[in-house]
Amino acid sequence: MPELPEVENTRRYLIQAGLPGSTFTGADIGWPNALKTPPMEDFVLGLLETRVQEINRRGKYLLLPLDSGPRQPAATLILHLGMTGGLRVQPTGHAPHPMVRHTFWLNGERELRFIDHRKFAKMWLTDNLKDVMPPLGPDPLGEDFTPEALGWALNDRSAPIKALLLEQSIVAGMGNLYADESLFLSGINPMRQASGLSTGDLERLRECVVTAFSTALEAYDEAREAQWPDPPMGLHTWSIPRKDGEPCPRCGGPISGTRIRARGTYFCPECQR
DNA sequence: AGTACGTCCTGATCGC
DNA sequence: TGCGATCAGGACGTAC
């Protein structure tokens, strides 16, 4: 379930693996439904002989601006890992993971391999980001993620804070696990009405979102070094147990499991009132 | 407009 | 023991 730390880890992995500067020499799209735009033929032709300039991230989206030389306009390859997506840069001879859905051939006998067990991942190739990118809120690793920005977005919203934290237009990169973790760290009940949060709540929440993501990222950085060249994925980097009745790490009381907007939600009824 | 729910997917796990 | 039902969840489409 890639959320911001997993996507950022993937970004750093791709850079370390030398994807920037590599040239696409072909592509095999094994699950066409993942391709949102353009149609397959245009997608593959559009990638051909383009060079990856850099690997950027906006929320959970990976953005690969491409250099196509004199051919214009310059396009961007956009990747979203969905729930089970993962990327590898490997030598052509290296046995591929059984769940590789798409293969992008690179110069120098290497391949960019897109793994995706459950086929929730998505891809776009566009020369106009605005046409395909949904509106994204501030990124918690950036400077514009402030208590004021959070308060403004939640101001007149009556939905439970947990549901709104998951909206990418409010917090870019947030996902189910880190939403629960951030609320647990900040002592805020996930079912509370967003508009009812005090200034103090918002400040604490902002701080805890940053803490949850930063802690996870550090773990990914370490694991990436330790297990190179296999990138880590799915590290257990949160403190709140994701099981009903488990002891709360803070007070020892039983953790409650419930559903908010059909998402599994875990919290401590004692610490998060 | 805001809120909520169904849908897409596969594999693991649950319950009868 | 075995097999069908349920669960997991990111983002979008649809309904209210």
Side-chain angles (χ1 to χ4, degrees), chain A residues 1-11 29-37 57-63 78-87 96-102 114-124 126 129-137 139-140 150-184 190-197 209 212-213 216 233-238 240-246 255-267:
Chain A
M1 48 231 82
E3 306 183 27
L4 187 148
E6 286 76 18
V7 180
E8 177 62 19
N9 170 58
T10 302
R11 187 183 80 87
I29 307 307
W31 175 246
N33 286 2
L35 189 50
K36 305 314 287 182
T37 191
R57 182 185 61 77
R58 283 194 204 167
K60 297 177 198 169
Y61 294 80
L62 286 168
L63 277 61
I78 306 174
L79 305 175
H80 192 295
L81 301 178
M83 296 242 335
T84 54
L87 295 164
H97 187 284
M99 288 300 164
V100 169
R101 303 290 183 193
H102 319 290
F114 201 150
I115 299 162
D116 184 23
H117 292 242
R118 283 164 64 183
K119 301 180 175 177
F120 277 96
K122 301 274 179 280
M123 305 187 287
W124 301 257
T126 180
L129 289 183
K130 290 184 176 64
D131 282 350
V132 301
M133 292 290 289
L136 297 177
D139 189 296
L150 205 49
W152 202 46
L154 302 176
N155 197 9
D156 49 359
R157 303 288 299 267
S158 65
I161 180 61
K162 161 74 185 281
L164 298 184
L165 270 187
L166 288 174
E167 291 190 7
Q168 301 303 296
S169 58
I170 295 180
V171 186
M174 185 57 78
N176 199 43
L177 303 182
Y178 291 98
D180 280 2
E181 176 70 359
S182 304
L183 289 167
F184 173 68
M191 285 166 301
R192 276 183 64 189
Q193 271 200 4
S195 56
L197 295 184
V209 167
F213 282 150
M233 204 51 149
L235 293 186
H236 186 302
T237 60
W238 54 90
I240 178 150
R242 299 196 65 75
K243 198 176 174 201
D244 211 18
E246 290 283 299
I255 292 295
S256 282
T258 182
R259 315 211 111 231
I260 294 179
R261 290 269 240 277
R263 296 283 173 266
T265 300
Y266 296 88
F267 67 103

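These numbers come from a predicted model, not from an experiment. Here is how names work: the chains are called A, B, and so on, in the same order as the sequence lines, proteins then strands, and each is numbered from 1.
Side-chain atoms of Glu6(A) come within 3.5 Å of backbone atoms of Glu3(A) as a donor-acceptor pair (strictly under, hydrogens ignored).
Atom pair Met191(A):CE and dT3(B):C1' shows a separation of 17 Å (rounding to whole Å applied). For the pair Asp156(A) CG and dG2(B) P, the computed distance is 6 Å after rounding to whole Å. Here the C1' atom of nucleotide dG10(C) and the CG atom of Leu62(A) are 14 Å apart, to the nearest Å. Across the protein-nucleic acid pair, Lys162(A) atom NZ and dG10(C) atom P stand 9 Å apart, rounded to whole Å. dA4(B) atom C1' lies 11 Å from atom CD of Glu167(A), rounded to whole Å.
Ring geometry for Trp238(A) versus Tyr178(A): interplanar angle over 60°, hence perpendicular rather than tilted (30 to 60°). Using bins of under 30°, 30° to 60° and over 60° for the plane-to-plane angle, the ring pair Trp124(A)/Tyr61(A) lands in the tilted bin.
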Quiz item: What string of B, S and - do you get for nucleotides 11-16 of chain B, 5' to 3', if B is base contact, S is sugar-phosphate-only contact and - is no contact with any protein heavy atom under 4.0 Å?
Solution: S-----
Practice problem: Scan nucleotides 11-16 of chain C nucleotide by nucleotide, 5' to 3', and note B when protein non-hydrogen atoms come under 4.0 Å of the base, S if they reach only the sugar-phosphate, - if neither. | Solution: BS----
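Between Thr10(A) and Met233(A), some side-chain heavy-atom pair lies under the 4.5 Å cut-off. Thr126(A) is not listed as a side-chain neighbour of Met133(A), based on a closest heavy-atom distance of 4.5 Å or more.
Residue contacts for Asn33(A): at a heavy-atom cut-off of 4.0 Å it reaches the sugar-phosphate backbone alone, with no base atom in range. Nucleic acid contact for Thr84(A): none, since no nucleic acid atom lies under 4.0 Å from a heavy atom of the residue. Residue contacts for Ala262(A): at a heavy-atom cut-off of 4.0 Å it reaches no nucleic acid atom on any strand shown.
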Practice problem: Go through the steps to decide whether Lys36(A) and His80(A) satisfy the test side chain to side chain contact (heavy atoms under 4.5 Å, CB included), and finish with yes or no. | Solution: CA-CA 11 Å; Lys36(A) 305 314 287 182; His80(A) 192 295; over 6 Å; no
Practice problem: In sequence, state the C-alpha distance, the side-chain angles, and the governing distance for Leu197(A) and Leu150(A), and then conclude on side chain to side chain contact (heavy atoms under 4.5 Å, CB included). | Solution: CA-CA 10 Å; Leu197(A) 295 184; Leu150(A) 205 49; over 6 Å; no
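Residue Glu3(A) has its side chain nearest to dG10(C) when only dT3(B), dT10(B), dG10(C) are considered. Each of dG10(C), dA4(B), dC9(B) was ranked by its minimum atom distance to the side chain of Met83(A); first place goes to dG10(C). In the set dC9(B), dA4(B), dG10(C), dG10(C) carries the atom at the smallest distance from any side-chain atom of Asn176(A).
Here the shortest heavy-atom pairing between Gly257(A) and Asp244(A) reads N-OD1, 2.8 Å.
For the pair Lys162(A) and Asp180(A), the salt-bridge criterion is met [side-chain N within less than 4.0 Å of a carboxylate O].
For Arg261(A) and dA4(B), the shortest distance from a side-chain N or O to OP1 or OP2 is below 4.0 Å.
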